[in-house]
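Just below is one structure, and these are the notes that go with it.
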Amino acid sequence: MADPRFAGKVGLVAGGASGIGRAIARGLHANGAQVVAGDLDADGLAALAAELGEGFAWTRSDVTREADAEALVALAATRFGGLDLAFNVAGASRPGYIVDLAEADWDFTVDLCLKGVFLGMKHQARQMMRGGAAGRSGAAIVNIASLNAHVPMHGGSAYVAAKAGVEMLSRNGALEFAPFGIRVNAVLPGLVQTPLTRRHFDNPDAHAAFLERIPLGRAAQPEEIAGPALFLASPDAAYVSGASLLVDGAWAVSGYPDMRPFRGPVAWNAR
Ligand SMILES: NC(=O)c1ccc[n+]([C@@H]2O[C@H](COP(=O)([O-])OP(=O)(O)OC[C@H]3O[C@@H](n4cnc5c(N)ncnc54)[C@H](O)[C@@H]3O)[C@@H](O)[C@H]2O)c1
């Protein structure tokens, strides 16, 4: 491997079994890092371990549980000697119009997408601060938010609020961790072809409605989000912290489609 960007670095991916997280884990590993990944999907992580071999460790881990977030960081320290780069990627949503949305579904989405990132950052930064005190440098955290941090969508209140929270949480981390040399940035993807968005690809009308709003005329592949995320973690971004990088095929400049025809009518009736 000629001049691997992340040689000697230890990277962590929370939500590494599928989609964007898996592409980040592969990218880190291919560029010389030792990698730990956590996810609820143990089978997916085991398959990735079989693919990557040496320099990859995993554990089943729920980002909404603080003990799991701490254990994933501890795995990086015990197996590979520390932590330099962390990616908080796990996410999903239980959508519903505001007037229909159950409290439990709001909690599910916000806990997973927002609290999960807080718990990850808390323990990742603690370990990075220990490493800094011991002479490690170049630590960075990258959080995967969404275009929905800026653009609302029908039925997406919990998700968009959580993703907006991830963007601001990242900026707060950039402020608090800067004295320790730790950078924090957010990536805001547009439409990416992963299991999370399968329903938009399986429905030709919904897919067409999305593509109409995406000036580049197509969805991204997970690797096209992983690349910018890895850039933000790399020495090329040494002076980038507190930034939000839109990776959306110029979608932000054209607005979100009206998804009501695909989501169905509001169930709640005032009369
Ligand atoms: N796909 C898109 O179009 C898109 C767009 C913008 C943002 N995002 C964000 O990108 C991130 C990755 O999504 P993806 O598209 O790769 O989806 P994905 O479904 O392929 O991957 C998400 C991963 O998170 C894991 N996960 C879910 N709940 C978890 C939990 N409690 N603890 C640990 N792991 C958990 C899943 O098992 C899965 O492996 C998410 O935060 C998502 O909101 C995706």
- request: Take atom CG of L196 as the centre, draw a 6.0 Å sphere, and report whether it contains more than 12 heavy atoms from other residues, nucleotides or ligands.
  value: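 Counting other residues, nucleotides and ligands, CG of L196 exceeds 12 neighbours.
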field: Neighbour count above 12 (heavy atom, 6.0 Å) for E212 CD
entry: no
message: Test salt bridge (Lys or Arg N to Asp or Glu O under 4.0 Å) on K122 and E70; report intermediate values, then the result.
response: CA-CA 9 Å; K122 174 179 174 180; E70 198 170 2; over 6 Å; no
query: Do you know which two heavy atoms are closest between S146 and L188, and how far apart they sit?
result: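 Distance-wise, the nearest heavy atoms are O-CG, 3.3 Å.
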Single hit among R136, R5, R130, R183 for salt bridge (charged side-chain N to carboxylate O under 4.0 Å, His left out) with D84: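 Result: among R136, R5, R130, R183, R136 is the only option passing the salt bridge (charged side-chain N to carboxylate O under 4.0 Å, His left out) with D84.
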Exercise answer: donor-acceptor pairs, residues 74-82 side-chain atoms, under 3.5 Å, sequence neighbours excluded:
| residue | atom | partner | partner atom | Å |
| --- | --- | --- | --- | --- |
| T78 | OG1 | A74 | O | 3.0 |
| T78 | OG1 | L75 | O | 3.3 |

message: Just verifying a value: how many Å separate L83 CG and R126 CZ, rounded to the nearest 0.5 Å?
response: 14.0 Å
message: Can you tell me how far apart CH2 (W251) and CG (L191) are? Round to the nearest 0.5 Å.
response: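 Between W251 CH2 and L191 CG, I get 5.0 Å after rounding to 0.5 Å.
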message: Once side chain to side chain donor-acceptor pair (under 3.5 Å) is applied, what residue pairs with a partner in residues 193-204 remain, sequence neighbours excluded?
response: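 Residue pairs with at least one partner in residues 193-204: Q193-Q221.
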query: Between K115 and E66, is a salt bridge (Lys or Arg N to Asp or Glu O under 4.0 Å) present by the stated rule, with each step listed?
result: CA-CA 9 Å; K115 189 176 86 171; E66 181 157 19; over 6 Å; no
Would you mind writing out the side-chain donor-acceptor pairs for residues 102-111 within the sub-3.5 Å range, not counting sequence neighbours?
| residue | atom | partner | partner atom | Å |
| --- | --- | --- | --- | --- |
| D105 | OD1 | R94 | NH1 | 3.4 |
| T109 | OG1 | R94 | N | 3.0 |
| T109 | OG1 | D105 | O | 3.2 |

task: Give the ring-plane orientation class for F56 versus H29, where under 30° counts as parallel, over 60° as perpendicular and anything between as tilted.
output: perpendicular
